[in-house]
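Step one of this worksheet: look at the structure below.
Whatever order the structure lists them in is the order used to number ligands and atoms, beginning at 1. One is the number of the first residue; the rest follow in order along the sequence.
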Amino acid sequence: MDISYPPEAKSFRAHVRRVLAEELPPNWTGIGSIPGRREALDFWESWRATLHRRGLLGLTWPKEYGGQGLSQLHQVVLVEELMRAGVPSGGLNDMVSIKMIGNILLLWGTEEQKRHFVPRILSNEHIWCQGFSEPEAGSDLASLRTRARLDGDEWVIDGQKIWTTMAHRANWIFVLARTDPDAPKHRGISFPLVPIDQPGVEVRQIKMMNGDDDFCEVFFDGARTPADHVVGPVNGGWKVAKSLLGFERGEEAATLPIAFRAELDRLIALARERGLADDPVIRQRLAACYCRVESMRHLGYRVLTGYLKGEPPGPESSVLKLYWSEYHQDVTTLAMDILGDAGLVPRGRGPLRSMRTDDPGAPIDSTGSWTTTYLNARAGTIYAGASEIQRNIIAETVLGLPREPVTG
Ligand SMILES: Cc1cc2nc3c(=O)[nH]c(=O)nc-3n(C[C@H](O)[C@H](O)[C@H](O)COP(=O)(O)OP(=O)(O)OC[C@H]3O[C@@H](n4cnc5c(N)ncnc54)[C@H](O)[C@@H]3O)c2cc1C
């Protein structure tokens, strides 16, 4: 496998470095070094606008919908450079807005849907959240009960979603709703796009154990959306949902290891600072983490090769999801062991987003950052499908082993 970058990557890297030099303040050391949460969130919001203004969002999306028409390789180079500079590669909700629904609209949307929604995603006029899970439908998502019925030229939606990340910051939600209650459970589901700012939608935040309240419940009581705001065929939403989960689990295959590597480098620096770099067990564990990040990087390159041929993420994205989420629990547990007692009295702010790694450029001795990341990592093996579910998918779809018995 040749993993050297082609010449166009070099010129694009130089372009990104020029933009960063022009846009970041002098002596900038990373968003993680901004001490106050409010101040850091403000920077993040304005940085997202900068990325948009400088054409660094939606890099791989077609130009006719506001993207740049570049390749996934350019996206990898971009993330490498942004991580090196300690700045995020998108906004707070872009894990949903860009990574999930934007990519899904490009794959499944009608021409009108693409022209209407995609530029508004890039400009942040539309901020999205994901309305899949319900109180009785998580792993067994197809058991969902939220209903949508056609009333003239509008869908009317009733039901409840839960664990809807960042719904309080969103103004649109994509919903999985039952549109044919008589069909077998995977067949009567559709994928409507619903505006949140209307009387029929109520968002309630949920307080988490780490103090964050980014989780929400979303209640629909006669909520309305136009009939042509369904993505994919009516009653054919399950296929759209499955391809969205592919993006959710695998789209960052080639870029996520870059963030994990930066985080591991900070952990190695922390071990040195604490005088533990020559501890034989800590050294072994750090080396094991390094091997796992490198394995992820090479798995990422393999997935990237598929992207470059135009293949969307498939079931092998479950391999990545399983691998990174279990790795991240181990590496953050190691961080807590390195911190020892200091981990019990967190100092400094936690990361701005309660998922994945700490903030790029976070000070290595910010116990608040490591402790929050450790707590957040517990959720990594649950969201986007729990580890047991990923193993089921790998067993059945990748390895062709017998299927689990399915009910309904
Ligand atoms: C941080 C976080 C963010 C999230 N954000 C969103 C969001 O924005 N939008 C959204 O829609 N949802 C979101 N979720 C919800 C998430 O998708 C669900 O929590 C997840 O799918 C698991 O569903 P559940 O919580 O109902 O657990 P359950 O499905 O009840 O599972 C409980 C346990 O049983 C195991 N289990 C279940 N079925 C099987 C099986 N067939 N074989 C073996 N083991 C099984 C599971 O692995 C798990 O350990 C989020 C969750 C978290 C933690």
Side-chain angles (χ1 to χ4, degrees), residues 92-101 104 127-146 157 159-170 172-177 185-186 189 191-194 196 201 203-220 237-238 240-242 244-249 317-318 321-322 324-326 328-329 332 350-357 372-397 401-408:
L92 263 176
N93 281 51
D94 284 336
M95 298 273 279
V96 182
S97 298
I98 291 185
K99 189 175 112 172
M100 297 186 207
I101 191 65
I104 279 299
I127 303 174
W128 288 85
C129 61
Q130 178 189 24
F132 276 16
S133 305
E134 298 185 5
E136 300 299 328
S139 300
D140 184 12
L141 185 57
S143 295
L144 60 95
R145 292 199 202 141
T146 294
I157 298 140
Q160 185 203 339
K161 298 292 172 179
I162 194 166
W163 315 128
T164 323
T165 308
M166 301 286 200
H168 62 303
R169 290 180 180 274
W172 281 81
I173 179 168
F174 53 87
V175 176
L176 278 187
K185 70 178 182 181
H186 292 86
I189 293 172
F191 194 112
L193 311 175
V194 183
I196 288 182
V201 180
V203 175
R204 291 186 204 153
Q205 286 171 260
I206 301 171
K207 197 87 177 165
M208 289 154 66
M209 73 171 172
N210 65 2
D212 286 350
D213 49 10
D214 294 341
F215 261 162
C216 300
E217 296 173 289
V218 183
F219 296 87
F220 301 93
W238 187 247
V240 184
K242 278 191 15 187
L244 185 134
L245 290 170
F247 280 111
E248 184 175 7
R249 293 167 184 156
S317 58
S318 290
K321 164 67 184 32
L322 182 63
W324 76 250
S325 56
E326 303 208 332
H328 205 225
Q329 293 191 344
T332 52
L352 299 176
R353 192 173 53 191
S354 56
M355 291 190 195
R356 307 285 162 84
T357 64
T372 314
T373 309
Y374 164 80
L375 291 174
N376 291 340
R378 307 306 104 188
T381 52
I382 302 172
Y383 65 78
S387 285
E388 290 78 7
I389 301 307
Q390 307 309 325
R391 290 193 186 93
N392 276 349
I393 296 170
I394 294 165
E396 293 169 14
T397 320
L401 296 172
R403 296 186 70 81
E404 263 202 312
V406 178
T407 54

remark   = Among Ser139, Ala137, Ala386, Cys129, closest by heavy atom to atom 37 (C) of ligand 1 is Ser139
task = Measure from the side-chain N and O atoms of Lys161 to the backbone N and O of Phe132, and report whether any donor-acceptor pair falls under 3.5 Å.
result = yes
ask   = Which atoms of ligand 1 are found less than 4.0 Å from any heavy atom of Glu404?
value = 40 (C), 41 (N), 42 (N)
ask   = Can you tell if the side chain of Glu134 reaches within under 4.5 Å of the side chain of Leu141, non-hydrogen atoms only?
value = no
task = For the residue pair Trp238 and His186, categorise the inter-ring angle as parallel (less than 30°), tilted (30 to 60°) or perpendicular (more than 60°).
result = perpendicular
ask   = Can you tell me if Lys321 uses its side chain to pair, donor with acceptor, with the backbone of Gln390 under 3.5 Å?
value = no
ask   = Against heavy atoms of Ala379, which atoms of ligand 1 measure under 4.0 Å?
value = 1 (C), 53 (C)
inquiry  = Which option wins on minimum heavy-atom distance to atom 3 (C) of ligand 1: Phe215, Phe174, Phe132, Trp163?
reply    = Phe215
Ligand 1 contact on Asn392 by region, counting heavy-atom pairs under 4.0 Å = side chain
request  = Could you tell me whether Arg145 atom CZ has more than 12 heavy atoms of other residues or ligands within 6.0 Å of it?
outcome  = no
message = Taking the six-membered ring of Phe247 as reference, does the cationic atom of Arg249 (NZ for Lys, CZ for Arg) lie under 6.0 Å from its centre and within 45° of its axis?
response = no
query = Hey, are Ser143 and Glu136 close enough side-chain-wise for a donor-acceptor pair under 3.5 Å?
reply = no
Where ligand 1 meets Thr165 - atom numbers and elements under 4.0 angstrom, heavy-atom basis = 3 (C), 4 (C), 5 (N), 6 (C), 7 (C), 8 (O)
task = Measure Met166 to ligand 1 on non-hydrogen atoms and call it side chain, backbone, both or neither using the 4.0 Å cut-off.
result = neither
Closest to atom 24 (P) of ligand 1 among Ala167, Ser133, Ala384, Gly138 (heavy-atom distance) = Gly138
ask   = Which bit of Ile389 gets closer than 4.0 Å to ligand 1, counting heavy atoms only: side chain, backbone, both or neither?
value = side chain
